Amino acid sequence: MKWLLRIVFLLVAVFGLVIGALLLMPGEKLATILAEQVRTQTGRDLKLTGDVNLSFWPVLGLETGPVTFGNPQWAGSEPMLSAESLAVGVDAAALISGDLRIKRVVADNPVLWLELSDGRGNWELSAPANAASAGAASGAVPQGQQGEVTLDHLKLTNARLVYIENGATKFDFANVDLTASWPNVSAPLQVQAQMAVPGGAVDVDLKIQDLPAYASGAVTPLDLTMTAPGGEFGFAGRVNLAGEMDGRLLAKTTNTERMLAAFGQAGVGVPLGLGREADVAGQMTYTSDGRVSLRNLVALLDNNRLTGEADIVISDPPQITARLEGSDLDLTQFNDTPGGAGGGLAPSPDQGWSTTPIDASALALANGKIRLKANSIALPGLTLGRSDLTLNLDRSRAVLQMNPATLFSGHLNGQVVANNRNGLSVGGNLTADGMDVQQALSALGGIERLSGTGSGSFEFLGVGQTEDQIMRSLSGKGRVDVGKGVISGFDLDRLMGRSGGERGTTVFNSLSASFTMDQGVLWNNDLLMSLDNFRADGSGQVGIGNRDIDYLFTPVALRANSGNGIAVPVKIVGPWSNPSIKPDLTKVIEAVAEGKAKELEDEAKQKVLDKVGDELNTTITDSDQIEDAIKNKLGDEVNKGLLKLFGGN
């Protein structure tokens, strides 16, 4: 028994001496020993700077100053981990039993480079090949069952996290505070992170239900919540080691512009009706090549509701393909954005076009193709009925295709283009059928005197940074054909001296005209209007930029003057809001005066012919007969004189 006590005492003394030696060993020497052991076990370089302190029980701990831990040879040149200080603690009792229970890992200002290439991760630790070979040559038997590995507490302060996949940087986040916990193998891994961003901070709460399965590459349940200034995101589904995800996505913003600014998109104005406040839900799938698919999508954007599906390629800018459907969409405040144009398409009659700069920066937010079907779409100044629209976005250029759109009670086919690559320009090529002319003219120009149902075509192009500049630069051409309609403001029947019909209006059977535009002025010279008793021609100009008109409208009474017609021109001059509409009586007076002069001339001529006929005792009906009548009369008188001279009768 005494020998047994002596042996135990001897072992304790030896262990104490070893512990004492380690504790008394200079930090530099201890750092060298640890670095050599790490290289032997992992093949990587561990560099410890400054004092190295150890603790042995109940926690086997290490505290050091600046530290770097290298990458494997196949990875990049940057160390996998660097930090200004590092503290690591392991449960000593669990370690003796074969388990690795990490009590703490604390790092200040760490930089963590995680790299995945050809299925290999630089975070995977394994002994170098020569060490494994040496173990096999010595007859060592590898351990058949590894002990459990757990993590009680991980804390990174002011960290930088970089993730590289197959040579491409997927994310690079700085100023991150991160904590993690995985207390036992059956518990979920819980990670909380916070990152400073403009306007506040982004907070992430992540839970992986089965970490061992996830680490082996299996698909594992994942819960993720992220809050940011102006909004929050939630995800519940599955994930694998490559970061591929599939599950239910929820996104809600109370201030989308603020949230965009937090993620580096400051200054982007979100039009009211397109999601200043948004609530989006759908089934999301994300693949490792940066593709996101959304199915069973329901999006509440301000007061508008859309359903459908979308595919997004994460790039700069994003590539979007979407098919959406909506009921009654309200975009009447679409221009109501910070720095936007404001107002609608048709200002009040007493105002000109808006001179507020148009913010077209939203055209650069994404590329792609979005198709929208809606029961109605209310826009500033006009409302589309049931419509099928396709929007193509390509490098700050948007093309809106109408297939068709219902507008002004008719159908509109064609396309409208907005290009903001080198300054803003708008253009289009449209055909219309069954349009309510009064609705169209009232919405687009505040003109309400003309009504009817028409069709036509329209090509236009305008350039400028304001609505006023665009309207003053308009060029193009078009044609309009209108069926039976009404012009209010003047009564053509009364003007032409006839009665009947409704006082103050002119009812026409058809109207047609073609036009050209240049520098914001519309020119027309072939207007033709058909009425029951009249025909009307027109020519002149309409100042689209100046919002004025100078037009001559000439009706002709077809049944007057034995069918030759009486024309009474009407001059339309002045601003659109209140043009002057008056008959041009000077033309009528000139025509009447010419007719009266002709009548007097004919009367005087007839009197001359009658007088000459009486004097010559003959009938003269034309001035050409006067000379012959005089010659005949002189001949008769000469003959009589000769007979008297020669004594004849």
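Numbers for residues simply follow the sequence, beginning at 1. Note that the structure is predicted; figures quoted are calculated from it, not measured.
Rounding to the nearest 0.5 Å places CD of Glu277 at 9.0 Å from CG of Leu272. Rounding to the nearest 0.5 angstrom, the gap separating the CZ atom in Arg305 from the CG atom in Leu324 is 12.0 Å. Here the CG-CD1 distance, from Leu393 to Ile320, works out to 7.5 Å after rounding to the nearest 0.5 Å. Rounded to the nearest 0.5 Å, atoms CG (Leu161) and CZ (Phe173) are 8.5 Å apart. Between Arg323 atom CZ and Glu309 atom CD the span is 4.0 Å, to the nearest 0.5 Å. The structure places CZ of Arg386 at 10.5 Å from OG of Ser327, a figure rounded to the nearest 0.5 Å.
Relative to the six-membered ring of Trp353, Arg472 misses at least one condition, a distance below 6.0 Å or an angle of at most 45° to the axis.
Aromatic rings from Phe233 and Phe235 are positioned such that their centres are separated by 6.0 Å or more.
Without hydrogens or angle criteria, Glu244 side chain to Asn240 main chain gives no donor-acceptor distance under 3.5 Å. Looking at Ser216, its side chain never comes within 3.5 Å of a backbone N or O of Tyr214 through a donor-acceptor pair. Distance alone, capped at 3.5 Å, is enough to place a donor-acceptor pair between the Asn367 side chain and the Arg395 backbone. Judged purely by atom type and a 3.5 angstrom limit, Ser473 uses its side chain to pair as donor or acceptor with the backbone of Val463. Checking side-chain atoms of Asp394 against main-chain N and O of Arg397 turns up no donor-acceptor pair under 3.5 Å. At distances below 3.5 Å, not a single donor-acceptor pair connects side-chain atoms of Ser409 with backbone N or O atoms of Asp436. Between the side chain of Thr253 and the backbone N or O of Gly230 there is no donor-acceptor pair closer than 3.5 Å. Of the possible polar contacts, one joining the Glu257 side chain to the Val270 backbone as a donor-acceptor pair under 3.5 Å is found. In terms of modelled atom types and a separation under 3.5 Å, the side chain of Asp330 and the main chain of Gly273 share no donor-acceptor contact. For the pair Ser181 (side chain) and Asp152 (backbone), a donor-acceptor distance under 3.5 Å is present.
Here the side chains of Leu384 and Thr406 are not in contact, with every heavy-atom distance at 4.5 Å or above. Looking at Thr431 and Ser457, their side chains come closer than 4.5 Å, going by heavy atoms from C-beta outward. Residues Val191 and Val204 form no side-chain contact, since every pair of their non-hydrogen atoms from C-beta on lies 4.5 Å or further apart. The shortest side-chain heavy-atom distance between Ile377 and Leu389 falls under the 4.5 Å cut-off. In this structure, Leu412 and Met435 have side chains that are in contact, with non-hydrogen atoms separated by less than 4.5 Å. When side chains are defined from C-beta on, Leu249 counts as touching Leu294, because their heavy atoms get closer than 4.5 Å. Taking the side chain as every heavy atom from C-beta outward, Met402 and Val416 approach each other to under 4.5 Å. Side-chain contact between Val437 and Thr453: absent, with no pair of heavy atoms (C-beta onward) separated by less than 4.5 Å.
Taking both residues in full, the closest heavy atoms of Pro183 and Pro188 are given as CD-O, 4.4 Å, listed atom of the first, atom of the second, then distance. In plain terms, the two heavy atoms of Ile544 and Leu522 that are nearest each other are CD1-CB, 4.1 Å. Taking all atoms of both residues into account, the shortest heavy-atom contact from Leu189 to Ala180 is CD1-CB, 4.5 Å. Pro79 and Trp113 get closest at one heavy-atom pair: O-CD1, 3.4 Å. When all heavy atoms of Asp548 and Trp576 are compared, the closest pair comes out as O-NE1, 3.0 Å. Taking all atoms of both residues into account, the shortest heavy-atom contact from Gln194 to Ala201 is CG-CB, 3.9 Å.
More than 12 heavy atoms of other residues, nucleotides or ligands lie within 6.0 Å of CZ in Arg479, so this atom counts as buried by the packing criterion. For Asp172, the CG atom sits in a packed shell: over 12 heavy atoms of surrounding residues, nucleotides or ligands are nearer than 6.0 Å.
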How far apart are the C-alpha atoms of Ile470 and Ile358, what are their side-chain angles, what is the distance that settles it, and do they pass the side-chain contact (heavy atoms from CB on, under 4.5 Å) test? CA-CA 11 Å; Ile470 291 173; Ile358 298 173; 4.1 Å; yes
Walk me through it: do Leu178 and Leu154 pass the test side-chain contact (heavy atoms from CB on, under 4.5 Å)? CA-CA 8 Å; Leu178 183 145; Leu154 168 69; 4.0 Å; yes
Full working for side chain to side chain donor-acceptor pair (under 3.5 Å) between Gln283 and Asn296: CA-CA 6 Å; Gln283 190 70 20; Asn296 302 320; 5.8 Å; no
Evaluate side-chain contact (heavy atoms from CB on, under 4.5 Å) for Leu407 paired with Gln439, printing each intermediate quantity in order. CA-CA 9 Å; Leu407 181 62; Gln439 290 182 19; over 6 Å; no
Chi angles and distances behind the salt bridge (Lys or Arg N to Asp or Glu O under 4.0 Å) call for Arg238, Asp210: CA-CA 11 Å; Arg238 305 179 302 162; Asp210 191 344; over 6 Å; no
Chi angles and distances behind the side chain to side chain donor-acceptor pair (under 3.5 Å) call for Asp388, Asn403: CA-CA 5 Å; Asp388 185 351; Asn403 304 301; 4.9 Å; no
Evaluate the criterion side chain to side chain donor-acceptor pair (under 3.5 Å) for residue pair Asp468 and Thr466; output intermediate values, then yes/no. CA-CA 5 Å; Asp468 182 74; Thr466 69; 5.0 Å; no
Report the C-alpha distance between Arg295 and Asp311 in whole Å, list the side-chain angles of each, state the deciding distance to 0.1 Å, and finish with yes or no for salt bridge (Lys or Arg N to Asp or Glu O under 4.0 Å). CA-CA 9 Å; Arg295 299 294 182 264; Asp311 294 294; 3.1 Å; yes
Applying side-chain contact (heavy atoms from CB on, under 4.5 Å), run through Gln438 and Phe408 and close with a yes or a no. CA-CA 9 Å; Gln438 187 178 45; Phe408 307 130; over 6 Å; no
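Each of Leu372, Val298, Val280, Leu297 was compared with Leu306 under the side-chain contact (heavy atoms from CB on, under 4.5 Å) criterion, and only Leu372 meets it.
The closest side-chain donor-acceptor pair between Asn375 and Asp328 falls under 3.5 angstrom.
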